[in-house]
2 protein chains.
Amino acid sequence: MGAMTETLTHPPRSDIQIESVLHALADPVRLRIVRELARIGCDGIACGAIDLPVTKSTRTHHLRTLREAGVIQVRPVGTSRITTLRRDDLDALYPGLLDGILAAPH
Amino acid sequence: MGAMTETLTHPPRSDIQIESVLHALADPVRLRIVRELARIGCDGIACGAIDLPVTKSTRTHHLRTLREAGVIQVRPVGTSRITTLRRDDLDALYPGLLDGILAAPH
DNA sequence: ATCGTAGTTCGACAGTCGTCGTAGTACGGT
DNA sequence: ACCGTACTACGACGACTGTCGAACTACGAT
């Protein structure tokens with residue numbers, strides 16, 4: 001099985017660290033990704049379909065940061081990767097945090 | 001009036017940026033400060049009275065970061081500076097955010 | 001006036017971060 | 001088999017960050 005179909009590493013809920021989550025959310029580009037994912041809901045979206053003012057490689061970098069922090073879930077489908085917000089985990093760990101952030105004006 | 005009694009610059013509620021707040025909260029030392037301030041409540045505490053594993057100058061640096069982000073309020077009293085959490089402003093701007101963060105295990 | 005306490009400021013340093021371009025890998029379709 | 005699409009990996013670069021020590025300022029007390 002090739003790298004594209006390997007399951008990407010995601011931290012289990014119990015390993016998610018608040019510092020990592022906050023750091024992941026503190027970047028404008030990543031915050032934009034999270035807002036877009038929250039808007040779309042649980043259907044998810046291909047990484048590349050999110051409109052971002054950065055190159056492909058930077059996009060990959062940000063998505064990895066979000067994934068390794070436990071903020072998003074990435075699932076390979078064909079040549080694409082469907083990304084979803086880990087709302088259930090975040091809400092369980094830090095109730096109100098995500099809603100509070102999404103309530104911010106933008 | 002000397003520098004120690006000058007009013008320190010704090011952003012008004014309307015100027016507080018979610019990215020700055022998240023960045024301010026993403027550091028372990030600063031998160032510890034915020035947790036301590038939340039525990040103490042609205043009475044506030046002298047900056048130096050918070051137990052931290054860093055030197056004086058690093059402490060000053062972190063407190064400035066928190067203050068300029070709009071997370072804390074610092075008021076000079078004698079040679080000390082009383083620090084309080086801007087709970088009302090943060091709760092108004094991002095309802096649930098602070099509580100969610102404070103709910104995190106530590 | 002002198003001293004101690006509380007906190008700031010400055011410069012320096014190592015480490016991290018966001019960004020990019022280039023090269024590479026994987027999958028689906030023709 | 002080949003090509004295009006989707007994304008990753010690597011190396012590089014400048015910018016920012018957390019940390020410190022040393023010097024400095026301000027206030028209160030003796």
Side-chain angles (χ1 to χ4, degrees), chain A residues 1-10 17-34 36-37 44-69 71-84, chain B residues 1-10 17-34 36-37 44-69 71-84:
Chain A
M1 185 177 266
M4 289 296 275
T5 41
E6 273 171 30
T7 331
L8 298 170
T9 67
H10 293 80
Q17 303 281 338
I18 183 67
E19 282 96 346
S20 306
V21 172
L22 291 172
H23 171 254
L25 296 174
D27 180 89
V29 175
R30 290 195 290 263
L31 195 53
R32 187 160 161 177
I33 295 174
V34 168
E36 184 70 8
L37 292 178
I45 188 177
C47 305
I50 305 174
D51 179 45
L52 292 177
V54 292
T55 63
K56 277 189 306 173
S57 46
T58 303
R59 182 190 305 257
T60 298
H61 163 68
H62 286 309
L63 288 166
R64 180 171 47 209
T65 302
L66 287 168
R67 175 173 51 82
E68 291 178 346
V71 177
I72 64 175
Q73 224 255 346
V74 185
R75 171 174 40 103
V77 171
T79 66
S80 288
R81 299 194 163 191
I82 303 301
T83 306
T84 51
Chain B
M1 186 176 264
M4 289 295 274
T5 42
E6 274 171 27
T7 331
L8 298 169
T9 67
H10 294 81
Q17 303 279 341
I18 183 66
E19 281 98 344
S20 308
V21 172
L22 291 173
H23 172 255
L25 296 174
D27 180 89
V29 174
R30 292 195 289 263
L31 194 53
R32 188 160 159 176
I33 295 175
V34 169
E36 184 69 7
L37 292 177
I45 188 177
C47 306
I50 306 174
D51 179 44
L52 292 177
V54 293
T55 63
K56 276 190 306 174
S57 46
T58 304
R59 182 188 306 255
T60 297
H61 163 68
H62 286 309
L63 288 167
R64 180 172 47 210
T65 302
L66 286 168
R67 175 173 52 82
E68 291 178 346
V71 178
I72 64 174
Q73 224 256 345
V74 185
R75 169 174 42 102
V77 172
T79 65
S80 286
R81 299 194 162 188
I82 304 301
T83 306
T84 51

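Just so it is clear: chains get the letters A, B, ... in the order the sequence lines come, proteins before strands, and each one is counted from 1.
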Starting at atom CD1 of Ile82(B), determine the distance to atom C1' of dG7(C), rounded to an integer number of angstrom.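 Whole-Å distance recorded here is 12 Å.
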Return the value, rounded to whole Å, for the distance between atom CG of Leu63(A) and atom C1' of dA9(D).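 After rounding, the reported distance stands at 15 Å.
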Counting only side-chain nitrogens and oxygens, does [X] get under 4.0 Å of the OP1 or OP2 atom of [N]?
X	N	result
Thr58(A)	dT19(C)	no
Thr55(A)	dC20(C)	yes
Arg59(A)	dT8(D)	no
Thr79(B)	dG28(D)	no
Arg81(B)	dT8(C)	yes

Single hit among Val71(B), Thr65(B), Leu25(B), Ile50(B) for side chain to side chain contact (heavy atoms under 4.5 Å, CB included) with Ile33(B):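 When Val71(B), Thr65(B), Leu25(B), Ile50(B) are each tested with Ile33(B), the side chain to side chain contact (heavy atoms under 4.5 Å, CB included) holds only for Ile50(B).
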Answer with yes or no whether the side chains of Thr58(A) and Thr55(A) bring together a donor and an acceptor at under 3.5 Å.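 A pair is found: one side chain offers a donor N or O, the other an acceptor, under 3.5 Å apart.
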Closest approach to the side chain of [X], judged atom by atom: which nucleotide of [options] is it?
X	options	result
Ser57(B)	dC10(D), dT19(D), dC20(D)	dC20(D)
Arg64(B)	dT9(C), dT19(D), dC7(D)	dT9(C)
Ala46(B)	dA6(D), dT19(C), dG7(C)	dG7(C)

Nearest-nucleotide wise, let me know which of His62(B) and Lys56(B) is further upstream toward the 5' end of DNA chain D.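 The 5'-side residue here is His62(B).
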Could you pick out which residue, His61(B) or His23(A), lies toward the 5' side of DNA chain C when each is mapped onto its nearest nucleotide?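 Closest to the 5' end, via its nearest nucleotide, is His61(B).
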With DNA chain C as reference, determine whether Val74(B) or Thr65(A) sits nearer its 5' end, using the nearest nucleotide of each.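 Closer to the 5' end of DNA chain C: Val74(B).
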Kindly say whether Thr83(A) contributes a backbone atom to a donor-acceptor pair with the side chain of Arg75(A) at under 3.5 angstrom?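 No, Arg75(A) side chain to Thr83(A) backbone: no donor-acceptor pair under 3.5 Å.
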Checking the side chain of Arg59(A) only, and the main-chain atoms of Cys47(A) only, is there a donor and an acceptor separated by less than 3.5 Å?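 Such a contact is found between Arg59(A) side chain and Cys47(A) backbone.
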